[in-house]
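Please read these numbers as outputs of a predicted model, since none were measured by experiment. Each chain gets a letter, A, B and so on, in the order the sequences are listed, and its residues count up from 1.
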Amino acid sequence: MPEGHSIHRLARRHHQLFRGEALRAASPQGRFAEGAELLDGATLERTDAWGKHLFHHYTGDLRLHVHLGLYGTFTEGDLPAPHPRGALRLRLVGKERWLDLRGPIACEVLTPEQCRQVTDALGPDPLREGSDPALVLARLARSRASVGSLLMNQQVVAGVGNVYRAEILFRHGVSPFLPGRDLEESTWLSMWADLSVLMRAGVRTGRIVTTDPEDRARPAGRARRVDAHYVYRRTGQPCRRCDTPVSQVEMAARNLFWCSWCQPDP
DNA sequence: GCTAAATGTTGAT
DNA sequence: TCAACCTTTAGCT
């Protein structure tokens, strides 16, 4: 579930797996053969994430840039690595562990300068130290576009995806259709603070849970699955706060979910 | 066990 | 606006 929290979690994990190790790199699929050749033998110094973009810093100023897109996925394990099967874009092998990457939308070796170009095009990331919500506000304040679409724009805020978008709007009673310029500053600042908390929890657990305990159904009997979302993918089901059926509409080829009572139209 | 839909973005039409 | 990327998972049966 690659929203920003997953990518930060992966950055942390890859650092744990391979920090300080010289890695073998290969692209069994062939689509990253040149890049893998460049990386082969380099040592992983550190990892970094900005929004949904992942970076590995290797010796020799080599940077691996990965964007998982919708389908991309990493798998890992202890050596020996299994025989490569399917479309395996990149396999990294360390002293004790292997790491496979499949289906990313971006997997490339960049220079530090090229990495900067990537991150310069991104808005502040609630998961990064020192990110400034005022910069986001400045973008919102001069846009007639809906806050629902602006939150999905990585140049405005980095790391928020369809789930966090729907849930943060609900939690603050904001209609997705409100023009960005009409969002109150104080509302945005509490949304940002809330996003940081929720996304940090996502990094810790690997799951997106946005409901407050009092809005979840009583745990009937044994450990049942937690009611993790207020509106995301709950079309037609009663709102956890007011019982109004959750609404859904397709917006820019993405599903948008909201409660028309808790988040009234502007 | 199978099918449909999905967390995202780019590039072509 | 749509296809591509080509894996995972939720929801059926």
Atom CD of A:Glu96: over 12 foreign heavy atoms under 6.0 Å: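 Check fails, neighbour count at 12 or below.
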In this structure, how many angstroms lie between the [atom2] atom of [N] and the [atom1] atom of [X], rounded?
| X | N | atom1 | atom2 | value |
| --- | --- | --- | --- | --- |
| A:Tyr71 | C:dT7 | OH | P | 10 Å |
| A:Leu151 | B:dG8 | CG | P | 12 Å |
| A:Leu68 | C:dT7 | CG | P | 13 Å |
| A:Asn255 | B:dA4 | CG | C1' | 13 Å |
| A:Ile105 | C:dA4 | CD1 | P | 13 Å |
| A:Asp100 | C:dC6 | CG | C1' | 15 Å |
| A:His67 | C:dC5 | NE2 | C1' | 13 Å |
| A:Leu54 | B:dT9 | CG | C1' | 16 Å |

Pairwise 5' ranking along DNA chain C for A:Pro104 and A:Phe74, keeping only the more 5' one: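 First, find each residue's nearest nucleotide; the 5'-ward one identifies A:Pro104.
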Selected nucleotide, minimal atom distance to [X] side chain, candidates [options]:
| X | options | value |
| --- | --- | --- |
| A:Gln154 | B:dT9, B:dG8, C:dC5 | B:dT9 |
| A:Arg89 | B:dG8, C:dC5, C:dT7 | C:dC5 |
| A:Arg254 | C:dC6, B:dG8, C:dT8 | B:dG8 |
| A:Arg31 | B:dA6, C:dC5, B:dG8 | C:dC5 |
| A:Arg233 | C:dA10, C:dC5, B:dT7 | C:dA10 |
| A:Asn162 | C:dT8, B:dT7, B:dT9 | B:dT7 |
| A:Glu3 | B:dG8, B:dA6, C:dC5 | B:dG8 |
| A:Pro2 | B:dT7, B:dA6, C:dC5 | B:dT7 |

Nearest-Å distance once atom [atom1] is located in both [N] and [M]:
| N | M | atom1 | result |
| --- | --- | --- | --- |
| C:dC6 | B:dC2 | P | 23 Å |
| C:dC2 | B:dA6 | P | 15 Å |
| B:dT13 | C:dC5 | P | 14 Å |

Positive for side chain to side chain donor-acceptor pair (under 3.5 Å) with A:Asp48, one of A:Arg128, A:His53, A:His8: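 Going through A:Arg128, A:His53, A:His8 one by one, the side chain to side chain donor-acceptor pair (under 3.5 Å) with A:Asp48 is satisfied by A:Arg128 alone.
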At 4.0 Å (heavy atoms only), tell me whether [X] reaches a base, stays on the sugar-phosphate, or touches nothing.
| X | value |
| --- | --- |
| A:Tyr232 | sugar-phosphate |
| A:Glu250 | nothing |
| A:Arg165 | nothing |

Check: A:Gln263 side chain, A:Val174 main-chain N or O, donor-acceptor pair, under 3.5 Å: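 Side chain of A:Gln263 to backbone of A:Val174, a donor-acceptor pair under 3.5 Å: yes, one is there.
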Short N-O contact, A:Asp212 and A:Arg241, less than 4.0 angstrom: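 Judged by the 4.0 Å cut-off on N to carboxylate O distance, A:Asp212 and A:Arg241 do form a salt bridge.
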Residues A:Arg97, A:Glu21: salt bridge by 4.0 Å N-O rule: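 Result for this pair is no, no salt bridge flagged.
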From CG (A:Leu198) to CD1 (A:Ile208), nearest 0.5 Å: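 Those atoms lie 9.5 Å apart.
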Phosphate contact (B:dT9 OP1 or OP2) by A:Lys52 side-chain N/O below 4.0 Å: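 Looking at the OP1 and OP2 atoms of B:dT9, one of them is under 4.0 Å from a side-chain N or O of A:Lys52.
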